[in-house]
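Please read the structure below before turning to the comments.
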Amino acid sequence: MDKKETIRTQIWREEAEPDNPFAAAACFCHGYDVFGDVVGKATWIEYLFLLFKGERPSRSQAKTLEDLAVSLANPGPRDNSVHAAMSGGVGGSNNAACLMAALAVGAGQLGGGREVALSMQMWTKCSTDIPSWESSIRHSPYEERADVWPPMEHTPGFNPHSASCPTPLRLLLNHLADQSPGPSLCWLRDNREHIETIAGAPLAITGISAATFHDLGFTPAEGEMLFLLLRLPGAAAHALEQRSIGFRNFPFFHNSIHLENDPEVDQLNL
Amino acid sequence: MNGPSKLIASEDQWNTQMGLVFPGKRVVFRGKDLFRDLKDLRWMELLRYGITGRFFDPKQIRLFEGIWSLGTSYPDPRIWNNRIASLAGTSRSTATLGIGAAIAISEATVYGRGPDVKAIDFFFRTKRALDNGEILSDIVRNELEKYRGIAGYARPFVNDDERIKPVTELATSLGFGNGNYLGLAYEVEKTLLKLRYRIKMNAAALGAALAADQGLSCYEYYLYLTPAFIGGMLPCYIEAAGKEEGTFLPFACDRIEYIGPSNRSWD
């Protein structure tokens, strides 16, 4: 008989119950006994950091990630990803579908997970060097091959529709910069306006998130995953709320869609 | 800074050429009345019209259906996207949730939409380069050096692709066996072999070449393929949902091969 295929992992180990090889008697996350030791001692954020990085966070790492997580938890009902979840809620879609909708919409290159990853790539490349940022923003890399992702239409991490960096984001940046274990957030706070001028757009929450994840030692893929994950609570809460309020009280845009090629109008014109 | 001017102009203002429902009366679908002008279309014809705004002749529609049918995700739950459908079934989730996620998973880099897009794009770029006087062997070598592979050539586990023969036979029977891009696809394979790369064409390249010969753009081809794998996913869901719950290929604890740090204390 062939050797049984296994799942190779550095993250997780289990010891089976004596009476059932499919039930774990003990679970270890990066060597820590989850139910025998970690539960009751670790915070959710510490455990989250451990899962991704394989080590417990320092105090400042945990505090920085915790505070970013609070700021990301609810993008608010105007956000496209939350709008998507609420659209599921009002129609009575399954709860998982509401979160899937929030993830799909919130994955994008405008204000979404993909933008965070691309912004983090810029941090990896440019670090705290203004000429590098200037060069990267002005000469964005040309990708000759097509991809499932569309070409980027603005500098990642900046909001093309903002007039200025909004107050909550400036407050958040100042707060995170004061406690971050890395140099990126401090540098971003000190050079924000200069970089915004080069980018031609104000800093966005994706840019602050990218700088934070970079300071915490996450890779762009890890930052993207965390951004997607950490924004789901608001989507869930708003979806449930709108389900109970009902679709009659949710915007339907009754008179907002304007058909430019109505065949009946064309016929009348004939 | 642009500021919010575009958002202000767009608030409660969405102009569309794609369609609108007039409840209780009629539906406009890309400038046509769905129940009057499009009522006799087959599903594939409507899908193609929705994507491109163009109509295709019956032979083309048969080809596009054939690429879906023969190139669908086989009902084999080992294939990663199908496995989502099976796992949804065995976990007693809904079919729609499982299939929705399985479609999303099909947008992968080693199979599915990633190589599909890159394959048709490769043919368009190669055609342009050849028209500019470049040599095919140089183009192929350059692509391999730059990207460590050519989308549509080679497969994850085996080199031969069982879909090539039936899809080619279908295309030939419909009169599409001599297209320029199809010819190019085979030329690339020959060039790879001549350059001593043991890499063969797979169905992604064949489908891309056939679609390019029918005038599809890279984007249109991508959109057309979005639901292509559903055919094989639903049987996977059905079977797993129909058997004892939780019995689809469960892992015992000892199937986890731990390669991380030794036990340690949180304190």
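By convention in this document, chain letters (A, B, ...) are assigned in the order of the sequence lines, proteins followed by strands, and residues within each chain are numbered from 1. What you see is a predicted model, and the numbers here were worked out from it, not measured in a lab.
Within a 6.0 Å radius of OH in B/Tyr219, no more than 12 heavy atoms belonging to other residues, nucleotides or ligands are found. The number of heavy-atom neighbours closer than 6.0 Å to CZ of B/Arg148, taken from other residues, nucleotides and ligands shown, is 12 or below. Annotation: B/Arg78, atom CZ; neighbour count of heavy atoms from other residues, nucleotides and ligands within 6.0 Å does not exceed 12. Within a 6.0 Å sphere centred on CZ of A/Phe252, other residues, nucleotides and ligands contribute 12 heavy atoms or fewer. Remark: B/Ile135 CD1 is loosely packed, at most 12 non-hydrogen atoms of other residues, nucleotides or ligands lying under 6.0 Å away. The number of heavy atoms from other shown groups lying within 6.0 Å of NZ (B/Lys127) does not exceed 12. More than 12 heavy atoms of other residues, nucleotides or ligands sit less than 6.0 Å from atom CD of A/Glu143.
Inter-residue side-chain proximity for B/Tyr147 and A/Glu144 is flagged as met; some heavy-atom pair is nearer than 4.5 Å. Residues A/Pro202 and B/Met1 meet the side-chain proximity criterion, which asks for heavy atoms closer than 4.5 Å. Using a 4.5 Å cut-off on side-chain heavy atoms (C-beta onward), B/Pro250 and A/Phe22 make contact.
Applying the salt bridge (Lys or Arg N to Asp or Glu O under 4.0 Å) test between B/Glu257 and each of A/Lys4, A/Arg8, A/Arg13 identifies A/Arg8 as the sole match.
The two residues A/Val148 and B/Tyr222 come nearest to each other via the heavy atoms CG1-CE1, 3.7 Å. When all heavy atoms of B/Val28 and A/Pro263 are compared, the closest pair comes out as CG1-CD, 3.6 Å.
Not a single donor-acceptor pair under 3.5 Å links the side chain of B/Tyr258 to the backbone N or O of A/Phe28. For the pair B/Lys118 (side chain) and A/Ala146 (backbone), a donor-acceptor distance under 3.5 Å is present. A/Asp37 places a side-chain N or O within donor-acceptor distance of the main-chain N or O of B/Trp266, the cut-off being under 3.5 Å. Here the side chain of A/Asn261 pairs a donor or acceptor atom with the backbone of B/Gln17 at under 3.5 angstrom.
Options A/Ala23, A/Ser93, A/Gly200 differ in how many heavy-atom pairs under 4.5 Å they form with chain B, and the most are formed by A/Gly200. Your options are B/Pro4, B/Gly114, B/Ser5, and the one with the most heavy-atom pairs under 4.5 Å with chain A is B/Pro4. Across A/Lys41, A/His258, A/Glu46, the residue that shares the most heavy-atom pairs under 4.5 angstrom with chain B is A/His258. Highest contact tally toward chain A, considering only B/Thr109, B/Asp12, B/Thr96, is held by B/Asp12 [criterion: heavy-atom pairs under 4.5 Å]. The choice from A/Ala42, A/Ala24, A/Ala96, A/Pro160 that makes the most heavy-atom pairs within less than 4.5 Å of chain B is A/Ala42. Most heavy-atom pairs under 4.5 Å with chain B: of the set A/Glu196, A/His161, A/Glu15, this distinction falls to A/His161. In terms of non-hydrogen atom pairs under 4.5 Å with chain A, the most contact-rich of B/Arg125, B/Lys146, B/Arg113 is B/Arg125. For the options B/Arg30, B/Glu11, B/Lys32, B/Gln13, heavy-atom pairs under 4.5 Å to chain A are most numerous at B/Gln13. Among B/Cys218, B/Ala252, B/Gly260, the residue making the largest number of heavy-atom pairs under 4.5 Å with chain A is B/Ala252. The candidate from A/Phe158, A/Trp149, A/Tyr32 with the greatest count of non-hydrogen atom pairs under 4.5 Å with chain B is A/Tyr32. In terms of heavy-atom pairs under 4.5 angstrom with chain A, the leader among B/Ile8, B/Asn263, B/Asp267, B/Ile120 is B/Asn263.
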Verdict with reasoning, A/Asn94 to B/Leu97, per side-chain contact (heavy atoms from CB on, under 4.5 Å): CA-CA 8 Å; A/Asn94 285 311; B/Leu97 288 171; 4.1 Å; yes
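Partners of A/Arg243 by side chain to side chain donor-acceptor pair (under 3.5 Å), not counting sequence neighbours, listed by chain and number: A/Asn95.
Distance SG/B/Cys253 to CG/A/Asn20: 7.5 Å, rounded to 0.5 Å.
For B/Asp116, no part lies under 4.5 angstrom from a heavy atom of chain A. Interface remark: B/Thr16 contributes backbone and side-chain atoms alike to the contact with chain A (heavy atom separation under 4.5 Å). Contacts of B/Ala101 with chain A are made by both backbone and side-chain atoms, with heavy-atom separations under 4.5 Å. The contact between A/Asp147 and chain B is made by backbone and side chain atoms together, counting heavy-atom distances below 4.5 Å. Proximity to chain A involves both the backbone and the side chain of B/Arg264, based on heavy atoms less than 4.5 angstrom apart. Residue contact with chain A, scored on non-hydrogen atoms closer than 4.5 Å, involves the side chain of B/Lys6 exclusively. Both the backbone and the side chain of A/Thr9 come within contact range of chain B, with heavy atoms under 4.5 Å apart. Only the backbone of A/Ile11 comes within less than 4.5 Å of a heavy atom of chain B; no side-chain atom from C-beta onward does.
For the pair A/Arg145 and B/Phe122, the cation does not sit on the ring face, since its NZ or CZ is not both under 6.0 Å from the ring centre and inside 45° of the axis.
The pair B/Arg26-A/Asp262 meets the salt-bridge criterion, since a charged nitrogen lies less than 4.0 angstrom from a carboxylate oxygen.
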